[in-house]
Structure formats: C-alpha cells, structure tokens
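If you're wondering where the values come from, they're calculated on a predicted model, not measured in any experiment.
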Amino acid sequence: QVQLVESGGGLVQAGGSLRLSCAVSGRTFGRGAMGWFRQAPGKEREFVAGIISSGGYTYYADSVKGRFTISRDNAKNMVYLQMNSLKPEDTAVYYCADADRLLVDPTAYNYWGQGTQVTVSS
C-alpha cells in the first residue's frame, strides 16, 4: 500500500520561508511524477508544483513561480517543497500526491498524503 506523509508545515510571518517534506513508501519510487497541491478553507484544491520522475523537469502554478521550488531525492523516497517569500494568501493545507504523469488536474493523482498546515501571518 502506498503511503505519503507530509511534514514541515507551521506558522510563519509574511516574507518567511518553510520547507515541506513528503516521505513516500510502498511503491517503487522514481517511476512517477509527484505534485504538491494546497487547499484553503472554502476553496478548491489547487495545483502548486510538480516534478517528473527523474527530477529533470518541474512545473509551477503562476502564483508561486519564482518563490517555491520542488525537488525530489529518489534515493531517499522524498519530495520537497521549498517555499520562500511566503504571503498570507499561501495559507492552506498542503498535500503531496503521486501520479503517472505530471498533470495539474488533481483527479489524475493516485495517492495523497494527509496534508500539513501552512499558516502565513501578515
């Protein structure tokens, strides 16, 4: 059974940084794309960033481009999201998920973590 566990969320002031981690177990890591999504209260889950299996290509939502960086370590079965210059509008529960291909549609993702809360104060 595939399991994804996020960590690293917390409370940070605007302009600050956080690094989210996602540990993946139960599958052969490195064969699929990984994505980070977020969901704020009352809003739909939205794509934040994605990375292909080799790590050689990444894609970002316009709202985070230039501030967030996704990376992966296939030897450690880990995916990361470095978040810099955080804004109050980045406040949400952040989820990692895996898919066969890098897509922005959350319905394309097979497995999800439980999420980690990120709160950015102004």
Side-chain angles (χ1 to χ4, degrees):
Q1 184 175 354
V2 179
Q3 287 189 319
L4 291 79
V5 180
E6 303 96 337
S7 61
L11 173 64
V12 63
Q13 288 188 333
S17 298
L18 282 174
R19 188 195 194 204
L20 304 184
S21 299
C22 175
V24 182
S25 62
R27 65 163 287 172
T28 303
F29 195 67
R31 290 187 177 179
M34 295 295 299
W36 284 97
F37 290 78
R38 67 186 181 187
Q39 188 166 18
K43 295 187 177 181
E44 293 186 351
R45 191 167 298 189
E46 65 173 352
F47 174 85
V48 174
I51 188 167
I52 64 171
S53 57
S54 68
Y57 177 79
T58 57
Y59 186 76
Y60 298 91
D62 287 343
S63 59
V64 306
K65 200 173 295 182
R67 299 188 298 122
F68 291 11
T69 302
I70 187 172
S71 61
R72 65 192 294 166
D73 185 337
N74 288 344
K76 296 182 178 180
N77 288 14
M78 296 291 295
V79 182
Y80 306 99
L81 186 67
Q82 178 67 42
M83 305 186 296
N84 299 329
S85 303
L86 283 161
K87 305 175 181 180
E89 51 263 45
D90 294 319
T91 295
V93 177
Y94 283 71
Y95 301 88
C96 66
D98 88 334
D100 296 326
R101 297 171 57 195
L102 199 172
L103 297 168
V104 301
D105 182 357
T107 64
Y109 287 73
N110 304 310
Y111 299 97
W112 294 81
Q114 83 289 348
T116 185
Q117 176 71 46
V118 171
T119 303
V120 184
S121 64
S122 58

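- Two residues are said to be in side-chain contact when any heavy atoms from C-beta on lie closer than 4.5 Å; Trp112 and Arg45 meet this criterion.
- No side-chain heavy atom of Leu4 sits under 4.5 Å from any side-chain heavy atom of Tyr95.
- Using a 4.5 Å cut-off on side-chain heavy atoms (C-beta onward), Thr91 and Gln117 make contact.
- A continuous path of hydrophobic side-chain contacts links Val12 to Val64 [ILVMFWY only; heavy atoms under 4.5 Å].
- Here the side chain of Gln82 pairs no donor or acceptor atom with the backbone of Arg19 at under 3.5 angstrom.
- Separation of atoms OH (Tyr111) and SG (Cys96) is listed at 14.0 Å; rounding is to 0.5 Å.
- Separation of atoms CD (Glu89) and OG (Ser122) is listed at 10.0 Å; rounding is to 0.5 Å.
- Hydrophobic clustering (ILVMFWY, side-chain heavy atoms < 4.5 Å, transitive): Met83 and Leu11 are in distinct clusters.
- In plain terms, the two heavy atoms of Asn84 and Ser17 that are nearest each other are OD1-OG, 2.9 Å.
- Under a hydrophobic clustering in which Ile, Leu, Val, Met, Phe, Trp and Tyr are joined whenever their side-chain heavy atoms come within less than 4.5 Å, directly or via other members, Leu81 and Tyr57 fall into different clusters.
- Side-chain atoms of Gln39 never come within 3.5 Å of backbone atoms of Ala92 as a donor-acceptor pair (strictly under, hydrogens ignored).
- Using a distance-only test at 3.5 Å, with no hydrogens or angles considered, no donor-acceptor pair links the side chain of Gln114 to the main chain of Val5.
- Interatomic distance, Ile70 CD1 to Met34 CE, rounded to the nearest 0.5 Å: 7.5 Å.
- A side-chain donor-acceptor contact under 3.5 Å links Asn74 to the backbone of Ser53.
- For Lys65, the NZ atom counts as densely surrounded, since its 6.0 Å shell holds more than 12 non-hydrogen atoms of other residues, nucleotides or ligands.
- The shortest side-chain heavy-atom distance between Ser21 and Lys76 does not fall under the 4.5 Å cut-off.
- Residues Thr116 and Leu20 have side chains in contact (heavy-atom distance under 4.5 Å, counting atoms from C-beta outward).
- Residue-environment remark: OH (Tyr60) exceeds the threshold of 12 foreign heavy atoms within 6.0 Å.
- No side-chain donor-acceptor contact under 3.5 Å links Arg72 to the backbone of Ala33.
- With hydrophobic clusters built from ILVMFWY side chains whose heavy atoms lie under 4.5 angstrom apart, Val2 shares a cluster with Trp36.
- When hydrophobic clusters are built by joining Ile, Leu, Val, Met, Phe, Trp and Tyr residues whose side-chain heavy atoms come closer than 4.5 Å, directly or via intermediates, Leu102 is not grouped with Val79.
- Two rings, from Phe37 and Tyr109, have their centers less than 6.0 Å apart.
- In this structure, Gln13 CD and Ser121 OG are separated by 5.0 Å, a value rounded to the nearest 0.5 Å.
- Looking at Val24 and Asp98, their side chains never come closer than 4.5 Å, going by heavy atoms from C-beta outward.
- Ring geometry for Phe68 against Tyr94 counts as tilted: the plane angle lies between 30° and 60°, on a 0 to 90° scale.
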